[in-house]
K.L.:
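Sharing a structure with you now.
Just so it is clear, the structure is predicted and the values come from calculations on it, not from any experiment. These values consider heavy atoms only, across backbone and side chains, with no hydrogens, waters or symmetry-generated copies. Below, read A as the first sequence line, B as the second, and so on, with proteins coming before strands; counting in each chain starts at 1.
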Amino acid sequence: MSQSAAWRTHACGELRAEHIGQEVTLAGWVANRRDHGVVSFVDLRDRWGLLQLVADEDAPQTGHEGLQGLHPEDVIQVQGVVRARAEGQSNADRATGEVELLVSAVTVISRAARLPFEIAEHIDVPEDMLLRFRYLDMRRKPLKTALERRTQANHLIRQALVDEEFVEVETPMLTRSTPEGARDYLVPSRVRQGSWYALPQSPQIFKQLCMVGGLDRYFQIARCMRDEDLRADRQPEFTQLDMEMSFVDEEDVYALVERVMASLWKGLGRDELQLPLERMPHADAIRRFASDKPDLRNPIEIVDLAAQGGTLGFVVFDKVLEGGGYVRGIRVPGGASLSRKQIDSIEQAAKDAGAGGAAWCKVATDGPSGPLSRFLKAAEGDAPVDCPVGIAGLSVAGAAFLRELEALPGDLVVTIADQPRRALVALNAIRRRAGDLMDLTGGPDRLVWITEFPLFEQDDDGGFHPAHHPFTAPVSEDLALLEDESAKDRVRSRAYDLVLNGTELGSGSVRIHQRDIQQKLFAAIGLSPEVAEERFRFLLEAFRYGAPPHAGFAIGLDRLYGLLFEVASIRDVIAFPKTATATCPLTGAPSMVDAAQLEELGIVQSVPSETTT
RNA sequence: GGGGAUGUGGCGCAAUUGGUUAGCGUACCAGACUGUCGAUCUGGAAGUUGCGGGUUCGAGUCCCGUCAUCCUCGCCA
């Protein structure tokens with residue numbers, strides 16, 4: 001690190017044996033004091049590390065006096081000579097541990113008041129405290145390191161895209177509200193009272209306009225804002241790596257994103273990604289894993305038991321099947337070793353997901369056991385059937401049932417019977433819970449493209465809305481289905497998600513660039529040409545003047561970095577995050593504003609404003 | 001909007017069925033100490049038990065309400 005000599009000649013953390021004998025000036029924070037009377041020590045900290053300062057019998061009087069009266073987190077400047085630590089006194093836990101600074105002079109630059117919490121990693125501090133005093137948390141290693149790594153990761157991404165001739169465009173923060181999607185954050189206009197800006201939920205339309213503008217390749221590390229309730233992996237404002245390309249199709253987008261991911265993985269020192277990444281059509285993901293973002297590290301797959309489940313004489317299965325529901329289940333390899341309590345927690349996961357319960361049985365060589373087992377065993381008087389894999393005492397139907405599941409002795413079988421939507425949610429829940437219990441999710445990263453998402457999702461009231469956004473192109477073979485009301489839910493889109501270990505990292509699509517198809521799509525989601533024109537005039541108009549085919553992708557960087565840096569919450573990779581109620585404990589945002597400010601904006605509040613002070 | 005958990009000196013925690021002056025650790029302050037590195041030793045200061053109400057002779061403890069934080073469902077094209 002180069003230093004301007006005004007405040008310091010070196011960083012605390014950079015001093016090593018090679019600096020022994022040098023006269024240096026350092027500046028930093030007092031991290032710790034250890035005073036032995038005649039000998040005293042102070043640890044001085046800056047971003048690069050800790051260095052032990054010492055005043056002993058070799059130090060001048062000014063050095064001793066300088067180290068007296070210092071308090072934790074005082075900012076000081078110190079002069080002295082770097083020297084080797086005596087035999088047996090080096091500290092192997094510290095990069096600077098072979099040397100120390102014999103202090104000749106200390107200047108206190110800034111005194112620190114008593115701290116709300118200690119600046120030490122081993123101290124547990126409530127998170128709202130960390131947010132309120134974020135600048136103190138930054139002095140601790142985990143947050144500092146996360147911000148450094150985030151910088152490095154952003155740099156790797158930028159490097160990769162600039163090398164591929166992408167243009168970085170900063171799109172507006174004050175933009176137009178489009179009613180689809182998430183709730184907007186609104187900003188009132190002063191010069192045109194009664195009108196409002198919206199903060200962008202994503203730069204979607206602008207990046208498409210950049211394609212019409214002929215930039216060909218756009219990217220941005222973009223802030224996006226959505227006024228929705230939060231989660232551990234969701235913030236009201238978040239950062240996306242947003243990209244768009246012209247004259248490309250899905251394959252080009254996959255290849256580009258894969259190159260960017262690979263350089264990121266490599267640059268951050270993770271195991272090299274195997275390219276190309278796996279792909280899985282959406283319908284397969286639902287069928288095999290009951291999820292559009294399956295964690296493929298978990299090997300458990302869903303098995304359809306409609307045929308065999310209906311022959312067991314189990315009235316719950318029969319009723320669900322008659323009603324058009326699903327009977328599906330999972331085989332948990334080795335799951336017979338789970339305790340009753342653990343199995344109950346799997347069933348509880350199904351119940352939490354809305355299912356009535358989960359029927360299960362353990363499988364052993366002497367036959368099945370557990371609630372489901374009596375429907376699998378041979379009845380009194382019937383000749384029991386032996387499964388080829390050596391499970392005794394089964395009925396013919398029971399053997400077929402377990403064969404369908406490929407169950408082996410030592411396995412646990414868990415089944416769900418419910419209406420399709422609830423069954424899938426429950427199957428996903430039990431698969432994940434079983435995976436956690438059996439510790440199946442520790443393997444290498446599994447990145448997968450989920451492709452051919454449905455174009456529409458059904459609302460609770462039966463209407464359709466775009467599953468992705470209204471500019472997503474349908475798969476061309478399915479174009480004809482657009483106008484068929486009964487077939488809408490079968491229209492596939494050219495949208496894709498990238499999923500890492502069960503977390504959706506990002507999504508994108510090939511866009512519609514033809515006006516007629518765009519209009520069909522608006523019609524299909526119930527937007528009249530007039531309304532569509534009013535809302536998206538600027539985009540539809542742009543498409544009249546020569547629109548290239550284009551496609552793009554966006555990756556949620558907070559979430560990606562949260563996973564890559566292995567932190568508990570995305571708040572741990574964000575410098576100044578907000579709480580679960582979208583407040584900022586540091587600044588107190590959101591706050592009431594002066595009545596005069598509102599008046600200037602032409603806004604009348606139904607709740608009282610702050611009294612003018 | 002719904003559900004759950006938590007809330008006690010700055011911080012982490014304790015306090016028996018509701019019962020003495022709300023304890024302990026750490027940080028902080030002062031003093032001591034020749035090699036520590038999460039120093040040690042001695043002493044000191046530090047509390048409206050989140051807030052409001054109720055029950056009771058008596059509430060950190062029980063009840064009602066409320067606020068804050070976290071998790072979660074809905075929501076997040």
K.L.:
Within less than 4.0 Å of OP1 or OP2 of B/C28, is there a side-chain N or O belonging to A/R33?
P.N.:
no
K.L.:
Using the six-membered base ring of B/U36, report whether A/F41 stacks on it, requiring centroids under 5.5 Å and planes under 30° apart.
P.N.:
yes
K.L.:
Identify which nucleotide among B/G10, B/G38, B/U36 has an atom closest to any side-chain atom of A/Q52, counting heavy atoms from C-beta outward.
P.N.:
B/U36
K.L.:
For A/D56, answer base if it contacts any base atom (sugar-phosphate contacts may also be present), sugar-phosphate if it contacts only those atoms, and nothing otherwise; contact means non-hydrogen atoms under 4.0 Å.
P.N.:
base
K.L.:
To the nearest Å, give me how far apart CZ (A/R114) and P (B/C11) are.
P.N.:
10 Å
K.L.:
Any strand is fair game: report the nucleotide pairing with B/C70 by Watson-Crick or G-U wobble, both distances under 3.5 Å, or none.
P.N.:
B/G4
K.L.:
Please step through salt bridge (Lys or Arg N to Asp or Glu O under 4.0 Å) for the pair A/K578 and A/E237, ending with a clear verdict.
P.N.:
CA-CA 9 Å; A/K578 294 193 168 52; A/E237 50 183 320; 2.7 Å; yes
K.L.:
For A/A467, report the nucleic acid contact type (base, sugar-phosphate, nothing); a contact means any heavy atom under 4.0 Å.
P.N.:
sugar-phosphate
K.L.:
Tell me the closest heavy-atom pair linking A/N428 and A/F289, and the distance in Å.
P.N.:
OD1-O, 4.0 Å
K.L.:
Can you identify which nucleotide, out of B/G35, B/C71, B/G10, has its nearest atom closest to the A/P116 side chain?
P.N.:
B/G10
K.L.:
Closest nucleotide of RNA chain B for A/P126 versus for A/E100: which of these residues is on the 5' side?
P.N.:
A/P126
K.L.:
Ring pair (Phe, Tyr, Trp, His ring centres under 6.0 Å) between A/Y254 and A/F553: does it pass, once the steps are laid out?
P.N.:
CA-CA 9 Å; A/Y254 297 158; A/F553 199 69; 8.4 Å; no
K.L.:
I'd like to know if A/R226 reaches the base of B/C75 with its side chain, counting only an N/O donor and acceptor under 3.5 Å.
P.N.:
no
K.L.:
Would you kindly check whether a donor in the side chain of A/Q89 faces an acceptor in the base of B/U36, or vice versa, at under 3.5 angstrom?
P.N.:
no
K.L.:
Quick check for you: to the nearest 0.5 Å, what is the distance between A/L130 atom CG and A/D128 atom CG?
P.N.:
8.0 Å
K.L.:
Taking only the C1' atom of each, what is the distance from B/A46 to B/U26 in whole angstrom?
P.N.:
13 Å
K.L.:
Measuring from the side chain of A/M129 (C-beta onward, heavy atoms only), which nucleotide among B/A27, B/C76, B/C11 has the closest atom?
P.N.:
B/C11
K.L.:
Between A/L131 and A/F117, which is nearer to the 5' end of RNA chain B once each is assigned its nearest nucleotide?
P.N.:
A/F117
K.L.:
Say we look at B/U36 and B/C41: how far apart would their P atoms be, to the nearest angstrom?
P.N.:
15 Å
K.L.:
Out of curiosity, A/L136 CG to A/W29 CH2, how far, rounded to the nearest 0.5 Å?
P.N.:
10.5 Å
K.L.:
Give the nucleotide from the list B/C37, B/U34, B/U72 with an atom nearest to the side chain of A/R94.
P.N.:
B/C37
K.L.:
Look at the side-chain N and O atoms of A/T581 and state whether any lies under 4.0 Å from the OP1 or OP2 oxygen of B/U69.
P.N.:
yes
K.L.:
Does A/R231 make a side-chain N or O approach to OP1 or OP2 of B/C73 shorter than 4.0 Å?
P.N.:
yes
K.L.:
Describe the nucleic acid contact of A/Q204 in one word from base, sugar-phosphate, nothing, applying a heavy-atom distance below 4.0 Å.
P.N.:
base
K.L.:
For A/L53 and B/U36, what is the distance between atoms CG and P respectively, to the nearest whole Å?
P.N.:
17 Å
K.L.:
How far, in whole Å, is B/U49 from B/U61 if one measures between their C1' atoms?
P.N.:
10 Å
K.L.:
Could you state the CG-C1' distance from A/D124 to B/C70, rounded to the nearest angstrom?
P.N.:
13 Å
K.L.:
Provide, to the nearest angstrom, the distance between the CD atom belonging to A/Q235 and the P atom belonging to B/C71.
P.N.:
10 Å
K.L.:
Once you apply a heavy-atom cut-off of 4.0 Å, does A/R83 come out as touching a base, just sugar-phosphate, or nothing?
P.N.:
base
K.L.:
For the side chain of A/D74 and the backbone of A/H71, is there at least one donor-acceptor N/O pair under 3.5 Å apart?
P.N.:
yes
K.L.:
Given the C1' atoms of B/A15 and B/U55, what is the spacing between them in whole Å?
P.N.:
22 Å
K.L.:
State, to 0.1 Å, how close A/R515 and A/L540 come at their nearest heavy-atom pair, and which atoms those are.
P.N.:
NH1-O, 3.0 Å
K.L.:
Could you tell me whether A/R571 contacts a base, only the sugar-phosphate backbone, or nothing, with contacts defined as non-hydrogen atoms closer than 4.0 Å?
P.N.:
sugar-phosphate
K.L.:
Let's see if you can work this out: which of B/C37, B/U34, B/U26 has an atom nearest to the side-chain heavy atoms of A/V39?
P.N.:
B/U34
K.L.:
Rounded to whole angstrom, note down the C1' distance from B/C57 over to B/C67.
P.N.:
32 Å
K.L.:
Could you work out the separation of B/G4 and B/G65 based on their P atoms and round it to a whole Å?
P.N.:
12 Å
K.L.:
Does B/U36 have OP1 or OP2 sitting under 4.0 Å from an N or O in the side chain of A/H36?
P.N.:
no
K.L.:
Can you measure from CG (A/L241) to CG (A/L560) and round to the nearest 0.5 angstrom?
P.N.:
9.0 Å
K.L.:
Atom CD1 of A/I119 to atom C1' of B/U26: distance rounded to whole Å?
P.N.:
15 Å
K.L.:
Please determine whether any donor N or O and acceptor N or O are separated by less than 3.5 Å between the side chain of A/R234 and the base of B/C76.
P.N.:
yes
K.L.:
Quick one: the side chain of A/N91 and the base of B/C37, do they pair up donor-acceptor inside 3.5 Å?
P.N.:
yes
K.L.:
Between B/C51 and B/G38, how far apart are the C1' atoms? Round to whole Å, please.
P.N.:
37 Å
K.L.:
On a plain distance test, is the side chain of A/R34 in donor-acceptor contact with the base of B/G38 below 3.5 Å?
P.N.:
no
K.L.:
Which nucleotide, if any, forms a Watson-Crick or G-U wobble pair with B/U26, using both distances under 3.5 Å?
P.N.:
B/G10
K.L.:
Out of B/C11, B/C70, B/G10, which has the shortest distance to the side chain of A/E118?
P.N.:
B/G10
K.L.:
Can you tell which of B/C71, B/C76, B/A27 lies closest to the side chain of A/A580?
P.N.:
B/C71
K.L.:
Reckon A/D352 touches a base, only the sugar-phosphate, or nothing at all at heavy-atom distances under 4.0 Å?
P.N.:
nothing
K.L.:
Please report the distance, rounded to the nearest Å, between NE2 in A/H465 and C1' in B/C76.
P.N.:
11 Å
K.L.:
On a whole-Å scale, what distance lies between the P atoms belonging to B/G18 and B/A59?
P.N.:
14 Å
K.L.:
Under 3.5 Å, is there a donor-acceptor pair between the side chain of A/R16 and the main chain of A/G13?
P.N.:
yes
K.L.:
Need the pair for B/U36. Rule: Watson-Crick or G-U wobble, both distances under 3.5 Å, any strand; none if unpaired.
P.N.:
none
K.L.:
I want to check one thing: is the phosphate of B/C29, taken as OP1 and OP2, less than 4.0 Å away from some side-chain N or O of A/H71?
P.N.:
yes
K.L.:
In whole angstrom, give the distance that lies between atom CZ of A/F133 and atom C1' of B/A27.
P.N.:
15 Å
K.L.:
State whether A/T583 places a side-chain N or O below 4.0 Å from either non-bridging phosphate oxygen (OP1 or OP2) of B/U69.
P.N.:
yes
K.L.:
Whole-Å distance between B/U36 P and A/E87 CD?
P.N.:
14 Å
